[in-house]
Amino acid sequence: MRKLLALPLFALTFAIPAMAETRRGGNPELRYYADAYADHYGVPRALVHAIIAQESNWNPRALSTKGAAGLMQLMPATTAMYFVRNRLSITDNLSGGIQYLADLMTEFRGEMRLAVAAYYCGSRRIARQGLYYRNPDVVSYVEAVRSRYQLELREQTSRDIPTPGRGQ
């Protein structure tokens with residue numbers, strides 16, 4: 001009987017850290033595709049990572065009560081606009097979401113706060129009122145993404161700094 005219980009517990013010791021890594025964006029496959037699409041569409045990788053972390057916590061199967069789905073929480077209208085066939089497909093979702101973010105960055109002339117706000121609530125409201133749009137949910141969302149973005153930048157910098165004694 002002990003042997004039967006040991007096997008599932010042993011398997012769980014590997015599954016739980018793997019699930020946690022996916023949630024933190026530690027899943028190399030998710031990061032690889034996010035970085036590739038960010039580079040392709042000219043969006044800062046750290047911004048893409050911050051939005052994914054805020055939107056879905058790096059869960060490719062995330063579904064919202066408002067109808068958004070996937071890593072970048074694409075709404076059905078955005079899905080149609082960017083010809084995304086399967087919102088729960090990692091590559092389809094990232095391609096459509098990052099292309100949408102790139103278009104918002106262009107529309108708002110590189111002003112990240114406005115592009116992030118528009119990603120959250122749509123570009124019409126933000127285009128009309130800009131930084132004067134003070135909806136508390138939008139302000140909170142932009143602040144959360146900004147904090148995650150700064151964290152991502154620090155992590156990228158620490159990964160890029162050569163460490164003495166490591167083959168340098």
Please tell me if the side chains of D137 and Y120 come closer than 4.5 Å, counting only heavy atoms from C-beta onward.
yes
Measure across G97 and L74 and return the closest heavy-atom pair with its distance rounded to 0.1 Å.
CA-CD2, 3.5 Å
Please tell me whether E55 and Y141 have a donor and an acceptor in their side chains that are separated by less than 3.5 angstrom.
yes
Between the side chain of Q73 and the main-chain N/O of A62, is any donor-acceptor distance below 3.5 Å?
yes
What heavy-atom pair brings V48 and A38 nearest, and what distance separates the two atoms?
CG2-CB, 3.7 Å
Shortest non-hydrogen contact from N93 toward V84
N-CG1, 4.4 Å
I'd like to check R113 versus V116 (side-chain heavy atoms, cut-off strictly below 4.5 Å). Are they in contact?
no
Shortest non-hydrogen pair, A69 vs L88, comes out as CB-CD2, 4.0 Å
Side-chain (N27) to main-chain (E29) donor-acceptor, under 3.5 angstrom:
yes
Provide the closest heavy-atom pair for T79 versus R87 in the form atom of the first, atom of the second, distance.
OG1-CD, 2.8 Å
Report yes or no: do L63 and I52 belong to one cluster of Ile/Leu/Val/Met/Phe/Trp/Tyr joined by side chain heavy-atom distances under 4.5 Å?
no
Mind checking the CG-CG spacing from D35 to L30? Nearest 0.5 Å is all I need.
10.5 Å
Could you work out, with ring pair (Phe, Tyr, Trp, His ring centres under 6.0 Å) as the rule, every residue matching Y82, not counting sequence neighbours?
Y100
Member of Y33, W58, Y149, Y37 meeting the ring pair (Phe, Tyr, Trp, His ring centres under 6.0 Å) criterion with H49
W58
Is there a donor-acceptor pair under 3.5 Å between the side chain of S158 and the backbone N or O of E155?
yes
Test side chain to side chain contact (heavy atoms under 4.5 Å, CB included) on M105 and Y41 and set out the steps.
CA-CA 10 Å; M105 291 288 287; Y41 290 113; over 6 Å; no
Quick one about R154 and Q150 (side-chain donor to acceptor, distance below 3.5 Å, no hydrogens or angles considered), yes or no?
no
